[in-house]
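Please read the structure below before turning to the comments.
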Amino acid sequence: ADAPHAWRLAARRGELQPAARGTGTTVEVQELFFSTPARRKFLKTDATELSHALESVRRHALARPEVGFAVWHEGRLVAQWRALPAGSGLALDEGSDRSDRSDRNDRLDRLDRRIADVLGADFIAASRSLQAVAGPLSLRGRAGRPELARTRADLQYLFVNGRHVRDRLVAHAVRSAYEDQLHGSRQPAWLLYLDIAPELVDVNVHPGKVEVRFRDGRALHQAVRHAVQDTLAPLLPQAVSDGRGATPSAVGAASDTSDVAAAQLSAWPQSSWQAGLALHGAPGVAETGPAWPATADVRRTPQGSGGLATWAALRAPLSNGIDDDASGNAAAGAVPAGRGPWPLGREDHAHAASWPLGRAVAQIGGAYVLAENALGLVVVDMHAAHERIVYEGLKRAADAGAALPAQPLLLPVTLSATPLEVACAEAEGDTLRTLGLDVSVLGPATLAVRSRPAALPHADLAELTRSVLAELQDAGASRVVQRARDDILATMACHGAVRANRRLSLPEMDALLREMERTERADTCNHGRPTWRQVTMKELDALFLRGR
């Protein structure tokens with residue numbers, strides 16, 4: 001910067017020559033295919049190649065918000081992202097080093113502004129901020145809400161220590177975190193910045209440095225999955241309580257409601273660098289996801305159920321007077337005080353204005369509950385909402401134990417296996433047993449399964465074992481058994497939830513709304529469909545041309 005002039009280096013001649021320019025560096029590329037003309041034949045159209053170039057620059061821009069980028073094509077400026085100055089940052093954590101915390105918050109502030117510039121303000125509005133620390137691993141970024149999901153995985157970015165990479169392990173972990181929240185085969189939208197100790201990642205496994213390998217892939221997989229899950233868990237209705245409301249661009253979508261809540265993850269697999277791991281979220285964010293109500297009479301199910309609580313006991317605190325028998329409709333009345341986690345009395349209705357989902361006013365079409373909140377009108381799909389409530393309760397009861405209950409087999413099930421499956425079964429024996437599978441090697445191409453998950457008494461054991469081994473090989477962790485178990489619980493929840501054309505009383509509708517506000521992931525049902533939508537007063541006024 002203090003030199004009298006700049007220098008020009010011609011790559012073909014290798015000579016340095018004096019030049020005139022401002023502070024900085026300019027790289028000019030000409031005759032790109034002079035030495036390799038055969039590569040020119042594989043070029044697509046100008047528009048296609050320009051889109052590839054823009055995507056490459058876009059990734060660099062997302063990684064370095066403090067650097068400005070400009071893309072010119074045929075003498076025309078097609079994209080530009082200006083260097084972002086230091087911002088005001090976020091609130092400081094009490095008891096932390098103020099200088100270090102200020103620097104990190106400043107980076108996050110600039111990062112969100114660059115993300116909005118590159119990916120658009122809609123991405124920021126429809127995603128949640130993620131911050132997590134686990135040992136030598138630091139995660140930050142944004143996880144898109146289920147309504148932001150796309151048909152293609154073209155809005156997924158991963159940066160490891162500042163470099164854009166593609167990693168199937170992290171992609172699998174993020175996709176696992178979105179289970180039960182995406183409709184069909186839609187792909188989530190997310191952007192993650194992963195900072196990890198350099199000795200725990202190998203960056204020299206791909207010629208183009210677009211892939212990496214992690215030393216402890218399983219621990220990383222669990223850390224990423226739990227961080228994204230905790231980010232998605234806080235409820236969208238809480239935005240109303242925070243006074244931030246819904247965005248008019250998407251009915252039911254609200255601005256960023258909260259960062260990831262702090263949660264002790266004692267169930268994570270321990271490794272050499274994972275002693276006492278914990279995720280740390282933004283300051284001042286209350287923990288969500290209350291424990292299953294103590295009023296529920298949790299009893300054991302009949303043999304072969306895998307230790308799940310009885311359906312009646314789980315459903316009792318949820319029904320609160322919603323009788324499955326159609327003949328009970330006429331008798332449905334006020335909810336008895338003391339039943340369930342949300343008795344509705346006069347003192348509760350006095351605070352109805354502060355309820356995120358508001359107070360129920362009517363039921364229409366036998367399927368939808370209408371409620372009034374501070375923003376306007378809330379429309380709730382009562383079956384989808386109740387289905388999510390019951391499903392989350394069943395999962396909490398099933399996850400009470402660390403390992404899944406196993407059912408020993410009288411006669412082992414043998415199956416043919418590839419050398420990779422045999423090696424994986426030998427190396428992952430402990431992991432398989434925690435999933436309820438006792439797999440041993442009988443020969444170079446034969447495996448024997450001596451126990452099955454008790455929650456899956458009718459599953460094809462050979463196919464289940466192959467699926468678990470395949471996922472362990474591919475991602476270093478498996479959720480095949482949990483997914484199969486959750487599918488059963490989802491079916492139970494679907495059949496146990498309140499059905500359409502059931503007439504509910506106002507106290508019953510209010511009880512459903514209050515439980516939605518307490519349940520994690522209550523914004524979507526088990527199949528990824530939305531459970532509620534917000535219609536603001538501004539939108540209602542526009543329908544009737546008020547104020548014009």
Side-chain angles (χ1 to χ4, degrees), residues 9 11 14 25 27 29 32-33 35-36 38-39 42 49 52-67 69 104 107 111 114 118 130 132-141 153-177 190-228 268-275 277 418-421 423-424 426-428 431 469-478:
L9 171 63
T25 304
V27 178
V29 180
L32 184 61
F33 301 100
S35 301
T36 55
R39 293 190 181 182
F42 292 93
E49 296 299 337
H52 293 328
L54 280 173
E55 179 62 23
S56 179
V57 178
R58 187 178 291 111
R59 294 167 182 166
H60 287 290
L62 288 170
R64 300 292 298 274
E66 72 279 8
V67 178
F69 294 84
R104 188 172 70 173
R107 289 197 302 270
L111 191 60
R114 175 55 62 88
V118 177
L130 181 152
V133 177
L137 172 67
S138 174
L139 274 174
R140 64 186 191 276
D154 58 345
L155 198 54
Q156 299 177 356
Y157 295 92
L158 171 64
F159 300 88
V160 176
N161 292 343
R163 178 185 291 272
H164 176 268
V165 298
R166 294 191 299 266
D167 188 79
R168 290 190 300 174
L169 178 73
V170 174
H172 182 275
V174 176
R175 189 65 174 82
S176 298
W190 49 269
L191 186 147
L192 288 180
Y193 297 87
L194 192 155
D195 294 323
I196 189 171
E199 63 271 16
L200 298 178
V201 58
D202 186 358
V203 299
N204 295 313
V205 297
H206 189 276
K209 301 295 190 295
V210 296
E211 295 182 9
V212 295
R213 290 292 181 272
F214 299 97
R215 176 173 296 181
D216 197 338
R218 180 173 303 168
L220 176 76
H221 183 280
Q222 292 292 84
V224 172
R225 184 169 66 85
H226 282 287
V228 177
W268 287 9
Q270 296 295 315
S271 68
S272 58
W273 54 272
Q274 265 198 308
L277 286 186
T418 64
L420 280 176
E421 290 174 336
C424 183
E426 288 182 323
E428 305 291 348
T431 302
L469 291 174
E471 195 162 14
L472 284 173
Q473 295 173 38
D474 185 45
S478 176

Minimum heavy-atom distance [X]-[Y], with the two atoms named:
| X | Y | result |
| --- | --- | --- |
| I196 | V201 | CG2-CG1, 3.9 Å |
| V205 | R213 | CG1-CG, 3.7 Å |
| L155 | Y157 | CD1-CE1, 3.9 Å |
| A227 | A132 | CB-CB, 4.0 Å |
| V118 | A61 | CG2-CB, 4.2 Å |
| A177 | R225 | CB-O, 3.6 Å |

Residues in side-chain hydrogen bond (donor to acceptor under 3.5 Å, both in side chains) with E66, at least two apart? R64

Identify, with sequence neighbours excluded, every residue that meets side-chain hydrogen bond (donor to acceptor under 3.5 Å, both in side chains) alongside N204. none

Yes or no on side-chain contact (heavy atoms from CB on, under 4.5 Å) for R218 and T431, after CA distance, side-chain angles and deciding distance? CA-CA 11 Å; R218 180 173 303 168; T431 302; 2.8 Å; yes

Please step through side-chain contact (heavy atoms from CB on, under 4.5 Å) for the pair L169 and L220, ending with a clear verdict. CA-CA 8 Å; L169 178 73; L220 176 76; 3.9 Å; yes

For the atom pair [atom1] ([X]) and [atom2] ([Y]), what is the distance rounded to the nearest 0.5 Å?
| X | Y | atom1 | atom2 | value |
| --- | --- | --- | --- | --- |
| E421 | E426 | CD | CD | 12.5 Å |
| R140 | L191 | CZ | CG | 10.0 Å |
| L158 | R168 | CG | CZ | 14.0 Å |

Is any side-chain heavy atom of R175 less than 4.5 Å from a side-chain heavy atom of H172? no

Quick one, V165 and V210 - any side-chain contact, counting heavy atoms below 4.5 Å?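 Result no, sub-4.5 Å side-chain heavy-atom pair not found.
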
Ring pair (Phe, Tyr, Trp, His ring centres under 6.0 Å) involving Y193 - partner list, sequence neighbours excluded: F159

Take L130 and W190 through the side-chain contact (heavy atoms from CB on, under 4.5 Å) test and state the conclusion after the steps. CA-CA 10 Å; L130 181 152; W190 49 269; over 6 Å; no

Sequence-distant partners of [X], salt bridge (charged side-chain N to carboxylate O under 4.0 Å, His left out), two or more places apart:
| X | answer |
| --- | --- |
| R166 | none |
| D202 | none |
| E55 | R58, R59 |

Is a side-chain N or O of R215 found less than 3.5 angstrom from the main chain of E199, in a donor-acceptor match?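 Side chain of R215 to backbone of E199, a donor-acceptor pair under 3.5 Å: yes, one is there.
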
Can L194 and L139 be said to form a side-chain contact (heavy atoms from CB on, under 4.5 Å), step by step? CA-CA 5 Å; L194 192 155; L139 274 174; 4.0 Å; yes

